[in-house]
Amino acid sequence: MRVPMTRDDFSRGPDSPQIQDKKKVHKIPVESGGGGMGSQSNVYGGGCEGGGPMSKDVHVNRPALTVTQRSTNYHYCPPHDLGMGERLRNKVKETCACSTPCLTSTLTSRLPILSWLPSYSFKTSLLGDVVAGVTVAIMHIPQGMAYALLAGLPPIVGLYMAFFPVLMYAFLGTSRHCSVGTFAVVCLMTGKVVGDLATSPDEAQPPTTTDALLHNATNTTTYTPIQVAAVVALMNGIVQIVLGSLQLGSLCVFLSDMLVSGFTTGAAVHVLTSQIKYLFGIQVVRYSGPFKIIYTYRDIIRQIMFSNPAAMVLSGLTIGTISFNNEVLKPWFRTKTKIPIPIELMVVIVGTVASYFGQLNDNFDIRIVGVIPTGIPTPTPPPVELMPVVLMDATIISIVAYTVSFSMSKIFAKRHNYNVDATQELYALGASNVFGSFFGCAPIAASLSRSLIQEAVGGVTQITSFICCSLILLVLLFVGPVFETLPNCVLSSIIVVALKGMFMQVKELAKIWSMSRVDAVIWIVSFLGVVIIDIDYGLALGIIASLLVLLCRTQQPKAACLGHVPNTDLYLDVNKYSSAEEVAAVSIFQFGGPLHFANTEYFRTQLTTLTGLTPSKIASNRELLQKHQLSAPDLTNQSNKESNGSTKSDISDTSTKSASKIIQLFRSRNNNKGEKDAKHVTISLPEVKYLVIEMSSISYLDSSGCNLLTQLYKEYKAAGIVLCLAGPSESVLDTLEDCHALNEIPGEHIFHSTHDAVTLLTSPAHINNSCTRL
């Protein structure tokens, strides 16, 4: 454990200066938009006439500091370093502490309805919640039935998903505007598992009662689609609850916006592909595994000539009607009222009526929804023996569903100035999935379209969800059988039109490409991986691409040589700013990222390349110079003359970037006849005495980085150059101390900032004390 003044104990080098009283006045020009007077004795503001912008010189008077002096002068007191046992005891003590405020806080955080319901304002919130609840319920009916079909489930399951999980989320969720339930991408991913594990509908008799939907109709070796979807939901909920208990709510950071955009756009292609058979009224075998979309389109092309004209006409009319409403009527009605036209419900009702009176199933062979049971299903546990089988798929679905839901929750929370708890959202979604799985529901997520409508029509709190569930309950109890004659192609048309928003994300690619081609690569990899291979493979490829980009960006951050802008404390890249001038006898190197085991070699390469200071070459040249000084006594005088500028030297244009700091030493011997020998010696030594590493951008340093800095300090010391560190953060200093690097690098060579380093290193007293003469 460190004592408060440990950094005062840094060993001082023999040539280290004692500059405690030296002060430096920094003049920093600052642009200001208006006039004003200096407010402190150390800060003075100049003015100018008129109301335009004026320039001020801010004069800061403080001593130039090393970190040792900073610790001494400003009383550095490090925090107490807790051991593992003490941390564990404190954690247990905090967790097991029981008091009324602690109990209340825990209860309200895990059951958020207790925090907002007692303060609910009926006067200001009830009307908006009622209108939003009715509107969202109307949207739930067609979307739920359509997306259930997308998951390979009976349409009634979509209504179950709009009731049971939503009811649980209303109690546990922290988002006031997210509408959870069916979501296209999640339903599609669930449909993949259902297609792999469930019994084909053609192999089993269609269910005629609610309980029959939830039980295996044949034997214990086969499973109904609802059973498979339910066990996926159960496993999905368990995974989310486990993630919440591990405080992994920030897990979604690994799914970047580019990855999610490319992934959902690719998933939209799969959604569209899965609905083509209903739109055209053809029979297509359902494939699974990699490249399944290629085989699916092969079969679609073969079957396209056998399409059902009636289904195509009905699909075209439905798509055209909904599209006309969305593109023409909806923008006009939006200027008149916030309540949208329930066009999806209207086409469902019209399609059901037309199918009933026109007997479309019998006369034109158009597939319809079929039997829809009424009432509430009996709770039935999912087949737990399938849990190990669906674990991987359920984990992927849970991460995708949580990422989409929590991203929307943060958007609405920021817009309406309230907070959402990432961990509690995991608990809420997990509990909702577990609860819904006992009623045959598939995994749920927040829907962007319903959530936006819920917010737009005035929804304020989770009361909206209770209103919505009440209306869905009425549909389940009394209205369900009405939709038995609804054509499947109408539901597919609703899905296809709803995909427009996902497909429009392709426009983002051009914009992303112009801003960052690396981010665009993530989008393209995710999209192509999902479309060509499969959904789960595409997601894995997208995550790998994101991690590789992150690794490359941290492994090879920007590096630069800095120069000083005269009369300021600014140090800028000499290759980008013409006003920046290199400091005599000091080379400043900046590294713009963390220094760790993966980029230590890159750091060394950039350091020697940009500064032109290779310690091994410099050391060998010094040794060679010393040998020639011993063998030729007059070489010393010649070298000194050249160093003082009295002897001309030719410097090649092909020398390093520090050519202005390189001194060429020539020596040729004359023979007795006045002619020069064929042999001569050319030695180049840097004029640089100090190499300053600007570390303010190094946010993280590991043991490999510490070892590298220690090794570089030794190498440059052997070459006659002092390595200094400038602007390290407290965490970096702690790492240097923990790795014992400060035993090699004295505190007098670690400075508060780059300007402090240059001020002290170029001071006359320091130059006289520390410069090594040849």
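Every heavy atom of this structure was used, including side-chain atoms; hydrogens, water molecules and symmetry mates were not. We number each residue from 1, following the sequence as shown.
The shortest side-chain heavy-atom distance between V586 and V688 does not fall under the 4.5 Å cut-off. Looking only at side-chain heavy atoms (C-beta outward), L733 and M695 stay at 4.5 Å or farther from each other. The shortest side-chain heavy-atom distance between P557 and Y602 falls under the 4.5 Å cut-off. The side-chain heavy atoms of E425 and S405, taken from C-beta on, include no pair separated by under 4.5 Å. Between I512 and M258 there is a side-chain heavy-atom pair separated by less than 4.5 Å. A 4.5 Å side-chain heavy-atom check between Y713 and P615 finds every atom pair outside the cut-off. Counting only heavy atoms from C-beta outward, the side chains of L243 and T423 never approach each other to under 4.5 Å. Put simply, the side chain of I745 reaches to within 4.5 Å of the side chain of L725, judged on heavy atoms.
Across every non-hydrogen atom of A64 and Q69, the tightest pair is O-OE1, 3.4 Å. C739 and S703 make their closest contact through SG-CA, 3.8 Å (heavy atoms, listed as atom of the first residue, atom of the second, distance). The heavy-atom pair separating G705 from L595 by the smallest distance is CA-CG, 3.9 Å. Contact between D702 and H596 at its shortest, heavy atoms only, is OD1-CA, 3.1 Å. Of all heavy-atom pairs between V67 and G747, the closest is CG2-O, 4.0 Å. Residues L572 and V565 come closest through the heavy atom pair CD1-CG2, 3.8 Å.
The backbone N or O of T395 sits less than 3.5 Å from a side-chain atom of S398, completing a donor-acceptor pair.
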Stepwise side chain to side chain contact (heavy atoms under 4.5 Å, CB included) test for L691 and V722 = CA-CA 6 Å; L691 175 57; V722 178; over 6 Å; no
List the steps and the verdict of side chain to side chain contact (heavy atoms under 4.5 Å, CB included) for R553 and V518.
-> CA-CA 10 Å; R553 284 175 171 171; V518 175; 3.7 Å; yes
Determine, stepwise, if the pair I721 / Y690 fulfils side chain to side chain contact (heavy atoms under 4.5 Å, CB included).
-> CA-CA 5 Å; I721 297 176; Y690 302 99; 5.8 Å; no
May I have the step-by-step check of salt bridge (Lys or Arg N to Asp or Glu O under 4.0 Å) for E715 and K617, ending in yes or no?
-> CA-CA 11 Å; E715 293 177 4; K617 293 182 179 180; over 6 Å; no
With side chain to side chain contact (heavy atoms under 4.5 Å, CB included) as the test, would you mind laying out the steps for R604 and L712 before giving the verdict?
-> CA-CA 8 Å; R604 179 188 285 271; L712 288 174; 3.7 Å; yes
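For the atom pair SG of C561 and CD of E694, the computed distance is 12.0 Å after rounding to the nearest 0.5 Å. Expressed to the nearest 0.5 Å, how far CG of N599 lies from CD of Q555 amounts to 6.5 Å. Note: D756 CG to T66 OG1 = 9.0 Å, rounded to the nearest 0.5 Å. Taking NE2 from H749 and CD from E744, the interatomic distance works out to 13.0 Å, rounded to the nearest 0.5 Å. Taking CZ of F751 as the reference point, atom OG1 of T68 lies at 9.5 Å (rounded to 0.5 Å). With values rounded to the nearest 0.5 angstrom, Y716 atom OH is found 5.5 Å from L613 atom CG.
Checked by atom type, the side-chain pair S616/T614 shows no donor-acceptor distance below 3.5 Å.
Under the 30°/60° scheme for interplanar angles, the aromatic rings of F591 and F603 are found to stand perpendicular. Between H564 and Y571, the ring planes are parallel. Angles under 30° get that label, and only those over 60° would be called perpendicular.
For E730 and R70, the salt-bridge test passes: some basic side-chain N is under 4.0 Å from an acidic carboxylate O. Note on K511 versus D519: no salt bridge recorded, every NZ/NE/NH1/NH2 to OD/OE distance being 4.0 Å or above.
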Side-chain donor/acceptor pairs under 3.5 Å, residues 520-538, sequence neighbours excluded:
unit_1	atom_1	unit_2	atom_2	d
W523	NE1	S261	OG	2.8
S526	OG	I522	O	2.8

